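In this chain, residues are counted from 1 in sequence order. Here the structure is a predicted model, which means the values were calculated and not measured.
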Amino acid sequence: PVLRAAGIHGFPIPADYTQVESAMRALRVTPFDSLPVFTWRDVLLRYPEWISALTAAVLIIIVLALGLARGNRQLSLAHRRARALAATIELERERLGNIIAATQVGTWEWNVSSGELTLNARWANMLGYELAELEPISIEIWRRFAHPDDIASSNALVARHLKGELTDYRIEVRMRHKAGHWIWVYDCGRLVSRTPSGEPLLMVGTHQDISERKLAEEMLRLSASVFTNSYDAIMITDSANHIVDVNPAFTRITGYRREEALGRKPSLLNSGRHEHEFYAQMWRSLNERGHWRGEVWNRRKNGEIFAESLSITCVKDEHGQLIHHVAVFSDISRLKAHADELDRIAHFDPLTGVPNRRLLDDRLKHAIARAERSGQTLAVCMLDLDGFKPINDQF
């Protein structure tokens, strides 16, 4: 009644209920008092920019995490490889040190541009010094100890090597020992680095004492000279008694060339004058005493028989095993002929060739000695030739 009295018949429909709906939603008034069901689609539709940004950020984080993990794995692998490489380098350094210590070689490193020289203790010990005694160390140290006659050859080889004409540097030089004598050193090295402009930078190498080897070589040269130039014949056989070498005097005396004698046995010179017992006694002496000396009749290649003074020696290795026989002999045919001539002159008449009183006396003494040993009777018959003395005196 009041409304009608006031002339109000109802409420007009509002043009926009949005504010009312928003107020009801904020106040959670029915029917907005229960939570709505949201889906991911609602979220995507309502927050597309945020979702895209978040997705991009997550993807970036994932990519960065994967990259970081990969980098960590590579870094860890690199660390393991570095540790393995360091261990390998240390092992190789230790091995190299052991090899250098075992071979007793001196080492040097030469900075070509500065002249600085780095040496190990063995380099100095080789010359009788301690390393501290050589300080300050530079390339002048080498020049100070090297033999003056060897410096020029060494410098020439170094220059050729630095120019690339030689792959390495190798030379045998004499160096002055602290005690005053000279020792032989095998010096070898190689250029290992150059400057960016190609100039020589670092050269490394070793020194090795070869004095004993040089002495052995000198003895071998002397032995070879004696073997070649000896006037006496020398024949070397192996343990099976096959000829392995002869010297020129062997060819001169026997007539057999070296090529003809090699591989054959010494019996190629056998003359047939000696009985089997002669050679058996020779081998017994060789086997028991290691040497034999005597006179032997042998035959030359042309068939001529000659007398030789022969000496045979057994050569054994460090285990006492026979490895060679060395026979040295000289031709004594002339000496034997001269001795026979002297014997003939002493015991026979030069004119008639009839035995003289000296030979009679010698033979008579031998006969008496045999008779005394055997207890037998000795008879001497003397014949007088009438008129022989005048013939002997006259003719």
Side-chain angles (χ1 to χ4, degrees), residues 215-350 353 355 359 362:
L215 180 60
E217 290 176 355
E218 183 64 27
M219 294 302 296
L220 285 175
R221 282 193 293 269
L222 179 60
S223 298
S225 176
V226 171
F227 181 80
T228 302
N229 300 309
S230 173
Y231 188 78
D232 292 337
I234 301 175
M235 175 175 58
I236 304 174
T237 67
D238 58 17
S239 58
N241 207 32
H242 293 98
I243 299 174
V244 296
D245 204 0
V246 295
N247 69 340
F250 177 91
T251 300
R252 175 178 54 80
I253 294 175
T254 68
Y256 287 97
R257 291 181 291 108
R258 181 174 182 271
E259 295 76 13
E260 296 175 314
L262 294 184
R264 301 180 67 177
K265 292 192 173 184
S267 56
L268 86 159
L269 303 176
N270 197 331
S271 66
R273 280 199 176 188
H274 299 286
E275 301 293 337
H276 173 75
E277 180 57 29
F278 175 84
Y279 294 104
Q281 187 276 331
M282 175 193 295
W283 283 108
R284 281 195 300 270
S285 177
L286 286 172
N287 293 331
E288 295 172 1
R289 295 184 292 176
H291 61 85
W292 181 88
R293 178 186 294 272
E295 294 182 1
V296 179
W297 289 94
N298 274 333
R299 188 185 302 273
R300 308 185 205 273
K301 183 180 178 180
N302 60 8
E304 177 186 350
I305 295 178
F306 69 100
E308 65 181 42
S309 176
L310 174 63
S311 175
I312 307 176
T313 303
C314 296
V315 180
K316 299 181 180 180
D317 61 15
E318 61 273 14
H319 304 295
Q321 298 297 318
L322 177 68
I323 54 176
H324 293 294
H325 290 109
V326 178
V328 180
F329 61 88
S330 57
D331 187 350
I332 59 172
S333 299
R334 292 185 178 180
L335 293 178
K336 295 291 287 185
H338 184 62
D340 291 343
E341 179 64 19
L342 291 178
D343 181 73
R344 191 186 68 81
I345 293 173
H347 297 97
F348 294 87
D349 182 80
L359 180 59
D362 179 70

Determine yes or no for a side-chain-to-main-chain donor-acceptor pair under 3.5 angstrom, with H242 supplying the side chain and K265 the backbone. no

Non-neighbouring partners of E277 that pass salt bridge (charged side-chain N to carboxylate O under 4.0 Å, His left out), sequence neighbours left out: R284

S239 vs I323 side-chain heavy atoms within contact, under 4.5 Å: no

Should Y256 and R264 count as side-chain neighbours, where that means a heavy-atom distance under 4.5 Å? yes

Would you find more than 12 non-hydrogen atoms of other residues, nucleotides or ligands less than 6.0 Å from F278 atom CZ? yes

First locate atom CZ of F250, then atom OG of S230, and finally report the distance between them rounded to the nearest 0.5 Å. 13.5 Å

Mind checking what makes salt bridge (charged side-chain N to carboxylate O under 4.0 Å, His left out) contact with R300, not counting sequence neighbours? E304, D331

When the ring centroid of W283 is compared with that of H325, is the distance short of 6.0 Å? yes

Run the side-chain contact (heavy atoms from CB on, under 4.5 Å) test on R252 and Y231 for me, step by step, so that the C-alpha distance in whole Å, both residues' side-chain angles and the decisive distance to 0.1 Å come before the verdict. CA-CA 9 Å; R252 175 178 54 80; Y231 188 78; 3.6 Å; yes

Taking the side chain as C-beta and beyond, is there a heavy-atom pair between V246 and R258 under 4.5 Å? yes

In terms of relative ring orientation, are F306 and F329 parallel, tilted or perpendicular, with 30° and 60° separating the classes? tilted

Considering only heavy atoms from C-beta outward, does the side chain of P266 approach that of M235 to under 4.5 Å? yes

Roughly how far, to the nearest 0.5 Å, is the CZ atom of R257 from the CG atom of L262? 10.5 Å

Using a 6.0 Å cut-off, check whether atom NE2 of H274 has over 12 heavy atoms from anything other than its own residue. yes

Exceeds 12 heavy-atom contacts within 6.0 angstrom, atom CZ of R221: yes

Are any of the side-chain heavy atoms of R273 and I305 separated by less than 4.5 Å? yes

Taking all atoms of both residues into account, what is the closest heavy-atom pair of V326 and I236, and its distance? CG2-CG1, 4.4 Å

Do L310 and W292 make a side-chain contact, defined as non-hydrogen atoms from C-beta onward lying under 4.5 Å apart? yes

Hey, could you give me the OG/NE2 distance between S333 and H338, rounded to the nearest 0.5 Å? 14.5 Å

Spell out, as yes or no, whether a donor-acceptor pair under 3.5 Å connects the side chain of H347 to the backbone of D343. yes

Closest non-hydrogen contact found for A307 with K336 is CB-CG, 3.7 Å

Tell me whether R293 at atom CZ has more than 12 heavy atoms from other residues, nucleotides or ligands lying less than 6.0 Å away. no

Evaluate whether atom CD of E341 has more than 12 neighbouring non-hydrogen atoms of other residues, nucleotides or ligands under 6.0 angstrom away. yes

Is atom NZ of K301 surrounded by more than 12 heavy atoms (other residues, nucleotides or ligands) closer than 6.0 Å? yes

Indicate the atoms forming the closest heavy-atom contact of A261 with I243, along with that distance. O-CB, 3.4 Å

Separation of N247 CG from F227 CZ (nearest 0.5 Å): 5.0 Å

